Amino acid sequence: MKKIFFLSLSSIIFGCASPKKEKADLIVHHAVVYTVDSSFATAESFAVKNGKIIAVGTNDSILAKFEGEKLDAQGKAVFPGLIDAHCHFYSYGLGLNKVDLVGTKSFEEVIEKVKNQKSKSGSEWIIGRGWDQNDWTVKEFPDNRILDSLFPNTPVYLKRVDGHAALVNSEALRRANITEKTKVDGGIVEVKNGKLTGILVDNAVDLIASKIATASKPEARAALLAAQKDCFAVGLTTVDDAGLDKQIVDLMDEMQKNNELKMRVYAMLTDNKENLDYYLQHGIYKTDRLNVRSFKFYADGALGSRGACLLQDYSDKKGWKGFLLSKPEYFIEMAVKIYNKGKGFQMNTHCIGDSANRFILNVYNANANNYLPEEGNAGIDARWRIEHFQVTTPADIEIIKNMNGKNQYNVIPSVQPTHATSDMYWAKDRLGVERVKYAYAYKDLLKAAGMIALGTDFPVENINPLYTFYAAVARKDLKGFPEGGFQMENALTKEETLKGMTIWAAYANFEEKEKGSIEKGKFADFIILDKDIMKINIDEVPNVKVVSTFVNGEKVYSK
């Protein structure tokens, strides 16, 4: 009788014992988790192991199943790590040691900043970036007379905010052998009254840049680490670096493998001979942190410097339409070459003006039959991108609709919402009342393409992706102007904007199976914000801060 009682008691005790929990490296719980999955569901908790998400669910279900280090989010909002679909990560890092001219309100202020930099710099060149004559009372390009008087023997190189124009002094012109007779395809060497003004536009800028020594390996490493620090602080876990050379890509790879560089990088290669020769022979290069499978091309310049290629004259410069930066045949040749001979490289083309957008869309469309389907996908799935897509037309919207069928995204608009709120003060001057209606038309592009990738274009714009979120939804500047928003018919919803900064940006990089959402099997890249941007008033978003940033489940930033 005692034996029977003991057996019964044992079965009750062991039968009620909790099952052994699975080991996890990190358990995030009591959060509002925006998974950004196919149903845009929210969750409360998720578990991470070996750098990847292994389960997502309720607090009770995850805490009951897993054990490990716990992170109580205390009800805060958790989002997938943000992806900047178009920026200049490496250049930003280099620029932290140069003269910052962003936000200057006059040429006189530019001069003062340059003078201050010279007093504390022992470098041979004075280099700066960020001036914009459209922010000045006198909205015309300056000339180099004052620079010449202050720095007769020191070369000065000051790039405009968009990087498509520069002001240089006579010493810099001399070193680059630029004279009044210098001609550049796809560029302008400005001459007034028979004299050089020091203004160079588009390809002419390269004449100066080629004379400046490239950064040493220690300088390049320091620039990458500085850029990474700032990016993690604003919630970026992947950056699409637009325009890289092989030696910098190799350095990134080396630093990532040494675990110095934890940032994930989608590399858009510059279309120079070294890159084309090497990568078209060796093909796509992919690791968990580095993806090298695209080339960056420039169809035209920028609207602010009147280098954008338009179908009709600029409204504020009759007889001038801008220009393509290379001969049309070059883009046609490259479109075939990089996809077929390059084993599927993506073509990402900078297009600002409606003429440039029309031309590149036609190039993409004409080559559609040459695209080979991605493994596992049916039909054409090239995912070629147009970077910026600033000025378009209803006819171009129709071209995109026709090229992008169900689950096939042959053209992905990759846009930067803060460009709209930076340019809105003067865009109508360049384009006129009617044409400006089809500029920065992000909603129209989204409807036509089915998805849209969002970025900042930093350092052209501010590095903070939450400013991108705000500009996309509110269509206002950081001062809340204009009161009703700029061309609100093309504003995006909060959900569309978040997708454009996460899962759609990942898709544009061929990376949607590994990042862009908080789902089982994906990298544990996520951020915690101090306020829920999906619930608060949109005007509060620019003041939201990142509490912490995680890459591979590792905390890489904490407020």
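Please read these numbers as outputs of a predicted model, since none were measured by experiment.
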**Student:** Would you please name every residue forming a salt bridge (charged side-chain N to carboxylate O under 4.0 Å, His left out) with E519, sequence neighbours left out?
**Tutor:**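 Expected list: K522.
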
**Student:** Shortest non-hydrogen contact from L261 to L224?
**Tutor:**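 Heavy atoms only, the tightest pair is CD1-O, 4.1 Å.
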
**Student:** Assign the ring pair Y278 / H282 to parallel, tilted or perpendicular, where the plane angle (0 to 90°) is split at 30° and 60°.
**Tutor:**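 Aromatic pair Y278/H282 classed parallel.
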
**Student:** Can you list every ring-ring contact (aromatic ring centres under 6.0 Å, His included) pair that touches residues 225-263, not counting sequence neighbours?
**Tutor:**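 Matches after skipping sequence neighbours: none remain.
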
**Student:** Any salt bridge between R160 and D132, counting N to O under 4.0 Å?
**Tutor:**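 Looking at D132 together with R160, the answer is yes, because their closest N to O distance falls below 4.0 Å.
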
**Student:** Looking at every non-hydrogen atom in both residues, tell me the closest pair between N357 and Q390 and how far apart they are.
**Tutor:**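 The pair with the smallest heavy-atom distance is ND2-N, 4.0 Å.
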
**Student:** Within a strict 4.5 Å, meaning less than it, do heavy atoms of the Y90 and L94 side chains meet?
**Tutor:**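 Touching, per the 4.5 Å side-chain cut-off.
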
**Student:** Quick one: pull up CZ in F550 and OG in S558 and give me the separation to the nearest 0.5 Å.
**Tutor:**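 Here the rounded value is 8.0 Å.
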
**Student:** Looking at L236, T549, V547, which one forms a side-chain contact (heavy atoms from CB on, under 4.5 Å) with Y557?
**Tutor:**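 Of L236, T549, V547, side-chain contact (heavy atoms from CB on, under 4.5 Å) with Y557 is met by T549 alone.
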
**Student:** Checking R293 side chain against Q346 main chain: does a donor-acceptor pair fall under 3.5 Å?
**Tutor:**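 Flag not set: sc R293 to bb Q346 has no pair under 3.5 Å.
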
**Student:** Within the side chain of N464, is there an N or O that forms a donor-acceptor pair under 3.5 Å with the backbone of V234?
**Tutor:**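 It does not hold such a pair.
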
**Student:** Quick one: which residue pairs count as a ring-ring contact (aromatic ring centres under 6.0 Å, His included) with a foot in residues 35-77, not counting sequence neighbours?
**Tutor:**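 Every ring-ring contact (aromatic ring centres under 6.0 Å, His included) pair that includes a residue of residues 35-77, provided the two are not neighbours, is F46-F526.
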
**Student:** Show the nearest heavy-atom pair for residues P80 and I527, with the distance to one decimal.
**Tutor:**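 Result for this residue pair: O-CG1, 4.1 Å.
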
**Student:** Compare all side-chain heavy atoms of V460 with those of R129 and state whether any distance is below 4.5 angstrom.
**Tutor:**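 In short, these two side chains touch, coming nearer than 4.5 Å.
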
**Student:** Return each pair, listed once, that meets side-chain hydrogen bond (donor to acceptor under 3.5 Å, both in side chains) where at least one residue sits in residues 232-241; pairs must be two or more places apart or across chains.
**Tutor:**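 For residues 232-241: T238-K515, D240-R385, D240-N509.
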
**Student:** Restricting to non-hydrogen atoms, name the atom on A43 and the atom on T35 that form the minimum distance, rounded to 0.1 Å.
**Tutor:**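 Between these two residues, the closest heavy atoms are CB-CG2, 4.2 Å.
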
**Student:** For K23, I'd like to know if atom NZ has over 12 heavy atoms of other residues, nucleotides or ligands within 6.0 Å.
**Tutor:**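 Counting other residues, nucleotides and ligands, NZ of K23 stays at 12 neighbours or fewer.
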
**Student:** In the structure I gave you, are the side-chain heavy atoms of V78 and V32 within less than 4.5 Å of one another anywhere?
**Tutor:**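 They are not in side-chain contact.
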
**Student:** For K246, does the NZ atom have more than 12 heavy-atom neighbours from other residues, nucleotides or ligands under 6.0 Å away?
**Tutor:**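 Count over threshold, so yes.
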
**Student:** Should I397 and K401 be marked as a side chain to side chain contact (heavy atoms under 4.5 Å, CB included) after you check the CA-CA gap, both sets of side-chain angles, and the distance that decides it?
**Tutor:** CA-CA 6 Å; I397 297 295; K401 283 182 182 178; 4.2 Å; yes

**Student:** When rounded to the nearest 0.5 angstrom, what is the spacing between CG in D84 and CZ in F89?
**Tutor:**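 Nearest 0.5 Å value for the CG-CZ distance: 10.5 Å.
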
**Student:** Where the side chain of T42 meets the backbone of V33, is there a donor-acceptor pair that is under 3.5 Å apart?
**Tutor:**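 No: the side chain of T42 does not pair with the backbone of V33.
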
**Student:** Let me confirm one number: the CZ-OH distance from F510 to Y266, rounded to the nearest 0.5 Å.
**Tutor:**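 That separation rounds to 6.0 Å.
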
**Student:** Would you mind reporting whether N362 and I399 have side-chain heavy atoms less than 4.5 Å apart?
**Tutor:**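 Yes - at least one pair of side-chain heavy atoms lies under 4.5 Å apart.
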
**Student:** Please confirm whether the backbone N or O of G130 pairs with a side-chain atom of D100, one donor and one acceptor, at under 3.5 Å?
**Tutor:**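 A pair under 3.5 Å: no.
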
**Student:** Hey, what do you get for NE2 (H30) to CG (L71), rounding to the nearest 0.5 Å?
**Tutor:**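 With rounding to 0.5 Å, NE2 (H30) is 12.0 Å from CG (L71).
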
**Student:** Only counting residues at least two apart or in another chain, list the ones meeting salt bridge (charged side-chain N to carboxylate O under 4.0 Å, His left out) with D457.
**Tutor:**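 Result, salt bridge (charged side-chain N to carboxylate O under 4.0 Å, His left out) vs D457: none returned.
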
**Student:** Working note: I503 + M451, criterion side chain to side chain contact (heavy atoms under 4.5 Å, CB included); need CA distance, chi angles, decisive distance, verdict.
**Tutor:** CA-CA 10 Å; I503 192 63; M451 68 169 56; over 6 Å; no

**Student:** Please report the interatomic distance OG1(T58) to CG(D60), rounded to the nearest 0.5 Å.
**Tutor:**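 The CG atom of D60 is 5.0 Å from OG1 of T58, to the nearest 0.5 Å.
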
**Student:** Checking side-chain contact (heavy atoms from CB on, under 4.5 Å) between F523 and each of I518, I53, V48, D288, which is the one that passes?
**Tutor:**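 In the set I518, I53, V48, D288, the residue that makes a side-chain contact (heavy atoms from CB on, under 4.5 Å) with F523 is D288.
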
**Student:** How long is the straight-line distance from CZ of F469 back to CG of L454, given to the nearest 0.5 Å?
**Tutor:**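 If I round to the nearest 0.5 Å, the distance is 10.0 Å.
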
**Student:** Please check: side-chain N/O of Q416 versus main-chain N/O of H86, any donor-acceptor pairing under 3.5 Å?
**Tutor:**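 Answer holds: no.
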
**Student:** Measuring only between side-chain heavy atoms, which start at C-beta, is L244 closer than 4.5 Å to V292?
**Tutor:**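 Side chain of L244 against side chain of V292, heavy atoms only: no contact under 4.5 Å found.
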
**Student:** Would you check, one step at a time, whether the test side chain to side chain contact (heavy atoms under 4.5 Å, CB included) holds for Y440 with N490?
**Tutor:** CA-CA 8 Å; Y440 318 96; N490 272 298; over 6 Å; no

**Student:** Test: salt bridge (charged side-chain N to carboxylate O under 4.0 Å, His left out). Region: residues 493-508. Which pairs qualify, not counting sequence neighbours?
**Tutor:**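 Every pair satisfying salt bridge (charged side-chain N to carboxylate O under 4.0 Å, His left out) with a residue in residues 493-508: K443-E496, E495-K499.
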
**Student:** Can you name the ring-ring contact (aromatic ring centres under 6.0 Å, His included) partners of F458, sequence neighbours left out?
**Tutor:**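 Expected list: Y92.
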
**Student:** Okay, side chain of D525, backbone of N552: is any donor-acceptor separation there less than 3.5 Å?
**Tutor:**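 Checking the backbone N and O of N552 against the side chain of D525, a donor-acceptor pair under 3.5 Å is found.
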
**Student:** Can you sort out the partners of E44 under salt bridge (charged side-chain N to carboxylate O under 4.0 Å, His left out), two or more places apart, ordered by chain and number?
**Tutor:**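 In terms of salt bridge (charged side-chain N to carboxylate O under 4.0 Å, His left out), with neighbours along the sequence ignored, E44 is linked to no residue.
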
**Student:** Which heavy atom of V415 sits nearest a heavy atom of P417, and at what distance?
**Tutor:**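 Of all heavy-atom pairs spanning V415 and P417, the closest is O-CD, 3.6 Å.
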
**Student:** For T270 and N275, run side chain to side chain donor-acceptor pair (under 3.5 Å): C-alpha distance rounded to whole Å, both residues' side-chain angles, the deciding distance at 0.1 Å, then the answer.
**Tutor:** CA-CA 7 Å; T270 303; N275 283 344; 4.5 Å; no

**Student:** Could you name each residue pair satisfying salt bridge (charged side-chain N to carboxylate O under 4.0 Å, His left out) that touches residues 549-558, not counting sequence neighbours?
**Tutor:**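 Output for this query lists K262-E554.
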
**Student:** Just wondering, do Y507 and I412 contact through their side chains at under 4.5 Å, heavy atoms?
**Tutor:**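 The answer is yes; the side chains approach within 4.5 Å.
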
**Student:** List the residues meeting salt bridge (charged side-chain N to carboxylate O under 4.0 Å, His left out) with D423, not counting sequence neighbours, and say none if there are none.
**Tutor:**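 Applying salt bridge (charged side-chain N to carboxylate O under 4.0 Å, His left out) to D423 gives none.
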
**Student:** Do H350 and D300 come close enough that some side-chain heavy atom pair is under 4.5 Å?
**Tutor:**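 Yes. Closest side-chain heavy atoms under 4.5 Å.
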
**Student:** Do you know the tightest heavy-atom contact between V56 and K520?
**Tutor:**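 The pair with the smallest heavy-atom distance is CG2-N, 4.3 Å.
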
**Student:** Do C231 and V239 touch side chain to side chain, with heavy atoms closer than 4.5 Å?
**Tutor:**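 They are in side-chain contact.
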
**Student:** So, D354 and R358, do they make that salt bridge, N to O below 4.0 Å?
**Tutor:**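 Answer for the salt bridge query: no.
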
**Student:** For the backbone of N410 and the side chain of N404, can you confirm whether one donor and one acceptor N or O come within less than 3.5 Å of each other?
**Tutor:**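 Checked: pair present.
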
**Student:** With a 4.0 Å cut-off, would you call R264 and E514 a salt bridge?
**Tutor:**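 Looking at E514 together with R264, the answer is no, because their closest N to O distance does not fall below 4.0 Å.
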
**Student:** With sequence neighbours excluded, give me every salt bridge (charged side-chain N to carboxylate O under 4.0 Å, His left out) pair touching residues 472-485.
**Tutor:**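 Every salt bridge (charged side-chain N to carboxylate O under 4.0 Å, His left out) pair that includes a residue of residues 472-485, provided the two are not neighbours, is K476-D539.
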
**Student:** Is the shortest side-chain N to carboxylate O distance from R221 to E254 below 4.0 Å?
**Tutor:**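 Yes, this pair counts.
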
**Student:** Applying ring-ring contact (aromatic ring centres under 6.0 Å, His included), name anything that partners F79, two or more places apart in sequence or on another chain.
**Tutor:**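 Residues passing ring-ring contact (aromatic ring centres under 6.0 Å, His included) with F79: Y34.
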
